[in-house]
Amino acid sequence: DNVMWGPGGRLIVWSFFNNKNHLKFVDFKKRESKTLLSMQLNAINVPITHIFFSFDRSIFCIIIGELTAVFMSISSTPRQIGSLTFNSPVIGAFASNGTDCVFISKDSLLHIVSVNERDGAVITKSYRFPRKKGEPTFISWINNDLIIGTSLGKVGMYCGVDFTEHKSII
């Protein structure tokens, strides 16, 4: 089982049991829990691999089987606002503006995604990421810089147009 705090005393709880995903939204103030994406999750038999929130915690992303990203609003009634499917396993992070998201695949293809409740999730730019030093295992978007950690223990900060400027941290 996995638990992640949401805004306003809420929890997102998920597990994979008997080849089925279970995803719950728990609101302590209202003393209720809601099952999320039950039809979609019952149709697949791969686990939820990661969940992460936007900076303002108004949107969260669920990565299923490392290949599908589902975006949901976290209002009083959470709802799906978009989804994307990738060809290679990805990890992701939101920018501090709350509407942009970045995904990097294990083969270092970088995707910049715009996310909002009106338009859903749209890939705005994709390109091969330079300076691969191991398989990406961590990504964070802080201010306008990407911090990427790899399976070889390397950590780099990427900034500038298309994140082409590199500063090695480790």
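The residues of the chain are indexed from 1 along the displayed sequence.
Contact annotation: the side chain of Asp100 approaches that of Ser114 to within less than 4.5 Å [non-hydrogen atoms, C-beta and beyond]. Counting heavy atoms from C-beta on, the side chains of Phe138 and Ile148 never come closer than 4.5 Å. Two residues are said to be in side-chain contact when any heavy atoms from C-beta on lie closer than 4.5 Å; Asp107 and Arg128 meet this criterion. Annotation: side chain of Cys61 is in contact with side chain of Ile63 (closest heavy-atom distance under 4.5 Å). In this structure, the side chains of Leu146 and Ile104 stay at 4.5 Å or more apart for every pair of heavy atoms. When side chains are defined from C-beta on, Phe103 does not count as touching Ile139, because their heavy atoms never get closer than 4.5 Å. A 4.5 Å side-chain heavy-atom check between His111 and Leu84 finds every atom pair outside the cut-off.
The line from NZ of Lys34 to CG of Asp27 is 7.5 Å long, rounded to the nearest 0.5 Å. Distance CZ/Phe16 to CD1/Ile64: 11.0 Å, rounded to 0.5 Å. To the nearest 0.5 Å, atom NZ of residue Lys24 and atom CD of residue Glu32 are 11.5 Å apart. Between the OG atom of Ser105 and the CD1 atom of Ile91 there is a distance of 9.5 Å, given to the nearest 0.5 Å.
Following chains of ILVMFWY side-chain contacts shorter than 4.5 Å, one can reach Val90 starting from Val115, so the two form part of one hydrophobic cluster. When the side chains of ILVMFWY residues are joined at heavy-atom separations under 4.5 Å, either directly or via intervening members, Phe86 and Ile62 end up in two distinct hydrophobic clusters. Residues Met4 and Val70 share a single hydrophobic cluster, defined by chaining ILVMFWY side chains whose heavy atoms lie under 4.5 Å apart. Ile74 and Val3 fall into different hydrophobic clusters, where Ile, Leu, Val, Met, Phe, Trp and Tyr residues are linked whenever their side-chain heavy atoms come under 4.5 Å apart, directly or through other members.
Not a single ring pair (Phe, Tyr, Trp, His ring centres under 6.0 Å) links Phe71 to another residue, sequence neighbours left out. Here Trp141 pairs with Phe163 under the ring pair (Phe, Tyr, Trp, His ring centres under 6.0 Å) rule; sequence neighbours left out. The ring pair (Phe, Tyr, Trp, His ring centres under 6.0 Å) test applied to Phe52 returns His50, Phe94, not counting sequence neighbours.
Considering all non-hydrogen atoms of both residues, Leu23 and Ile12 come closest at CD1-CG2, 3.7 Å.
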